[in-house]
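Since the structure comes first, as C-alpha cells, the remarks are kept for the end.
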Amino acid sequence: MLQDLGSVRSRGLAFARAKLLGLLFILLPSVYPLGLAQAEPVRRAFVVGISNYDDEALRLLGPKNDASLVAKQLSKFAYQQVTLVDEENTTFRKLTDRWATFVNSVRPGDAVVIYFSGHGVAVDNLNYLVARDFRRSDMAASSNASNLKLFSIEKWRSDLVKKRAAVSVWIFDACRDNQIGLETKGLTSIKALSGNLIMYSARAGQESGDAADKNQPSAYTRYFLAALDQLPRQDAVFLARVVQSEVAQAHHDQLPEISSLMSDNWCFNICDPNSIIRLKFDTAGGSYEVASKREFAQSKSIRSTERRQNAVFIGTASQAHLCSSGHRQANARFQCSVLKDFAEAKFSSYLGQPITPLQPVAIYRRPPIVKDTIKYLCRVGYVDAENGLEVTGVLSFEYRNETYFWATVKDRRETCQKQT
C-alpha cells in the first residue's frame with residue numbers, strides 16, 4: 001500500500017520546500033530555561049475508516065485504506081496507543097463500544113488524535129459521523145440519532161473534555177455537501193474548544209474527493225499522509241495549513257478548512273524545538289532583526305524606530321500561498337498582489353508609497369506583543385476601503401511556523417479606541 005505514496009512523498013518534499021515553507025527556524029536558548037525540558041503529553045490515536053456501508057448507495061473506495069495508512073504512519077511516531085478500528089467493528093453498536101474502551105484509556109493531560117474517513121452529516125445543525133449500518137430508509141421512521149446509527153461528534157468531544165485531555169486533534173475526511181440526502185446536510189463548522197485542532201477535508205458545502213480505487217488514499221488523506229511523512233515534528237496547525245494549501249492547489253473545487261484553539265505548539269510527533277520567533281523590520285533607512293522574545297522585548301532599535309508609528313495588518317504567508325493557488329479569501333484586506341509581494345520580500349517598492357485596502361481595516365499603534373499569538377494591543381482607528389495609507393516600514397514576524405506581515409504607516413493617531 002505504501003508504494004502508492006512514493007510520488008506523494010516526493011511531492012511532500014517539494015511542498016516542504018515551497019514558498020509557504022520559509023518558516024523553519026533556529027532554536028533559541030530563551031525558549032525554555034536551561035535544565036527544564038518541556039513535558040511531552042502521552043499521545044493516543046483513534047482511527048476509523050468506513051468504505052463498505054451496508055447501504056450500497058453510500059459505499060466509498062478510499063476510507064478503509066485511508067485509516068489503515070494513517071494508523072500505520074502514526075504508529076511510527078511517539079504514540080503510546082494507536083487504535084485502528086477494523087471495518088467490521090464500525091457498526092453503531094460495535095464502534096460505540098470501541099470508542100468507550102478508548103476513552104476509558106485517556107488520562108488527564110493526554111494528547112488525542114481522532115481520524116475519521118467516511119460519511120458525515122448534520123441533522124438540525126448537530127454534527128454526526130455515519131456508522132456502517134446506517135440506512136437512509138431508517139430516517140423516515142425515526143429522528144433519534146442512535147436509532148439512525150449516527151455518532152454525535154459533540155458527544156465524543158464532551159467525552160474527551162471530561163477526561164481532561166490537554167490536546168485533541170480531529171481530522172474529518174468526509175464530504176460537507178449533502179451526500180446522504182433526505183433531511184440532512186454536510187458537516188457544519190465546529191467551534192474549536194481550548195486545546196482543539198479541527199481539520200476538515202473540505203469547506204462547508206463542498207465534496208471531498210474519494211480515492212481513484214480502493215488501494216489508493218483519498219484526495220485529502222493523500223496530502224495529509226505526505227505531510228505526516230515530511231513534517232511530523234512541525235507544529236500541527238502549520239502542518240494543517242500545508243495540507244490545506246496543497247489540496248487547494250491540486251483540487252480547485254476542494255478547499256480544506258481549519259479551526260484551532262491551541263495555545264501551545266503541538267506536533268503529531270515530538271516537536272522539533274527549532275522554532276520560536278524571528279522579527280524583521282525593514283524601512284527606507286535600513287533593516288533590523290531580532291531572533292527571540294527576549295531580544296524583541298529589549299530591542300531599542302526596533303522599538304524606538306517603530307513605537308511612534310501606526311500599523312495595519314497585511315496578512316500571512318499561508319494566505320499568500322492560497323492566493324497564489326487561486327483561492328483568495330473573501331475577507332482579504334489587500335489585493336493578492338500586495339500580500340504575495342510582502343511574502344516574497346518584494347516590498348521595497350512599497351516604502352514611501354500608498355497602499356489601498358479592499359475593505360475597512362484597523363490601524364494599530366505600538367509594537368505587537370508575543371504571547372499565544374502576535375498582535376497589537378492598541379487600536380487607534382480604521383481606514384476606509386479605497387483610501388490609501390503611506391507605507392513607512394514592513395514588519396515580518398515568523399512565529400509558530402507562520403509568518404505575519406504588518407505595514408507601518410504614516411498616521412499620527414495615538415488614542416487607543418479599544419484593547420483588542
Side-chain angles (χ1 to χ4, degrees), residues 1 4 45-74 82-103 112-123 126-139 145-157 159 169-182 184-188 190 198-202 206-222 224-225 254 256:
M1 293 178 183
D4 296 327
F46 189 76
V47 182
V48 181
I50 308 175
S51 291
N52 298 302
Y53 283 90
D54 291 354
D55 189 329
E56 291 186 9
L58 300 179
R59 290 180 181 173
L60 300 165
L61 291 172
K64 181 179 178 180
N65 188 46
D66 289 346
S68 177
L69 292 173
V70 168
K72 187 170 185 176
Q73 188 66 42
L74 293 178
V82 176
T83 298
L84 171 62
V85 181
D86 190 273
E87 193 176 47
E88 71 177 37
N89 292 317
T90 58
T91 62
F92 183 81
R93 182 180 63 80
K94 290 182 178 180
L95 187 52
T96 297
D97 291 343
R98 297 301 184 279
W99 172 252
T101 300
F102 176 80
V103 168
V112 180
V113 173
I114 300 92
Y115 172 90
F116 178 87
S117 182
H119 285 298
V121 297
V123 180
L126 297 176
N127 288 292
Y128 300 92
L129 304 177
V130 180
R132 196 193 77 201
D133 51 343
F134 168 88
R135 290 184 179 277
R136 292 176 298 165
S137 58
D138 293 339
M139 296 198 72
S146 59
N147 291 342
L148 291 174
K149 314 297 194 302
L150 299 175
F151 302 102
S152 167
I153 293 176
E154 284 307 312
K155 164 67 167 57
W156 283 20
R157 289 215 299 170
D159 289 342
V169 179
W170 303 80
I171 303 111
F172 300 116
D173 192 346
C175 291
R176 299 186 67 190
D177 59 353
N178 188 359
Q179 293 288 305
I180 300 297
L182 304 174
T184 71
K185 58 182 179 180
L187 292 176
T188 60
I190 303 169
I198 304 172
M199 300 166 60
Y200 302 94
S201 59
Q206 291 183 334
E207 184 174 342
S208 184
D210 195 6
D213 62 61
K214 66 180 182 180
N215 295 315
Q216 295 186 32
S218 65
Y220 180 80
T221 295
R222 176 180 295 272
F224 178 56
L225 285 165
Q254 182 178 343

With sequence neighbours left out, write down each residue that passes salt bridge (Lys or Arg N to Asp or Glu O under 4.0 Å) with Asp86, or none if nothing qualifies.
none
Residues at least two apart in sequence or cross-chain that pass ring pair (Phe, Tyr, Trp, His ring centres under 6.0 Å) with Tyr220, listed by chain then number, are none
Test side-chain contact (heavy atoms from CB on, under 4.5 Å) on Val48 and Arg98; report intermediate values, then the result.
CA-CA 10 Å; Val48 181; Arg98 297 301 184 279; over 6 Å; no
If I take atom CG from residue Leu187 and atom CG from residue Leu129, how far apart are they, to the nearest 0.5 angstrom?
6.5 Å
Could you tell me which non-hydrogen atom of Gly120 sits nearest to which non-hydrogen atom of Ala174, and how far apart they are?
N-CB, 3.9 Å
After noting the C-alpha distance and the side-chain angles of Glu87 and Asn52, does the key distance pass the side-chain contact (heavy atoms from CB on, under 4.5 Å) rule?
CA-CA 8 Å; Glu87 193 176 47; Asn52 298 302; 2.8 Å; yes
Give, for atom CG of Asp66 and atom OH of Tyr115, the distance between the pair rounded to the nearest 0.5 Å.
4.0 Å
Rounded to the nearest 0.5 Å, what separates atom OG1 in Thr90 from atom CZ in Phe116?
8.0 Å
Which residues share a salt bridge (Lys or Arg N to Asp or Glu O under 4.0 Å) with Asp133, sequence neighbours left out:
none
When rounded to the nearest 0.5 angstrom, what distance separates OG in Ser218 from CG in Asn65?
9.0 Å
Stepwise side-chain contact (heavy atoms from CB on, under 4.5 Å) test for Leu150 and Val130
CA-CA 5 Å; Leu150 299 175; Val130 180; 3.9 Å; yes
How close do Ala67 and Gly49 get, counting heavy atoms only, and between which atoms?
CB-N, 3.4 Å
What do you reckon, is CZ of Arg93 surrounded by more than 12 foreign heavy atoms closer than 6.0 Å?
no
Side-chain touch Ile190/Asn127, heavy atoms, less than 4.5 angstrom
yes
Do Glu88 and Arg132 pass the side-chain contact (heavy atoms from CB on, under 4.5 Å) test, and can you show the C-alpha distance, the side-chain angles, and the key distance before you say yes or no?
CA-CA 8 Å; Glu88 71 177 37; Arg132 196 193 77 201; 4.1 Å; yes
Qualifying residues under salt bridge (Lys or Arg N to Asp or Glu O under 4.0 Å), relative to Lys155, sequence neighbours excluded:
Asp159
Working to the nearest 0.5 angstrom, can you tell me the gap between Ile153 CD1 and Trp170 CH2?
7.5 Å
In short, Ala71 meets Leu84 closest at the heavy-atom pair CB-CB, 3.9 Å
Phe151 pairs by ring-ring contact (aromatic ring centres under 6.0 Å, His included) with which of Phe172, Tyr128, Phe92?
Phe92
Return the set of residues passing salt bridge (Lys or Arg N to Asp or Glu O under 4.0 Å) with Asp55 (not counting sequence neighbours), or none when no residue passes.
Arg136
Contact list for residues 45-71, test ring pair (Phe, Tyr, Trp, His ring centres under 6.0 Å), sequence neighbours left out
Phe46-Trp99, Phe46-Phe102, Phe46-Trp156, Tyr53-His119
Test item: Val47 and Ser117 side chains (from C-beta on) under 4.5 Å apart, heavy atoms
no
Let me confirm one number: the CG-NZ distance from Leu225 to Lys72, rounded to the nearest 0.5 Å.
11.5 Å
Do Tyr200 and Pro256 come within less than 4.5 Å of each other through their side chains, counting heavy atoms only?
no
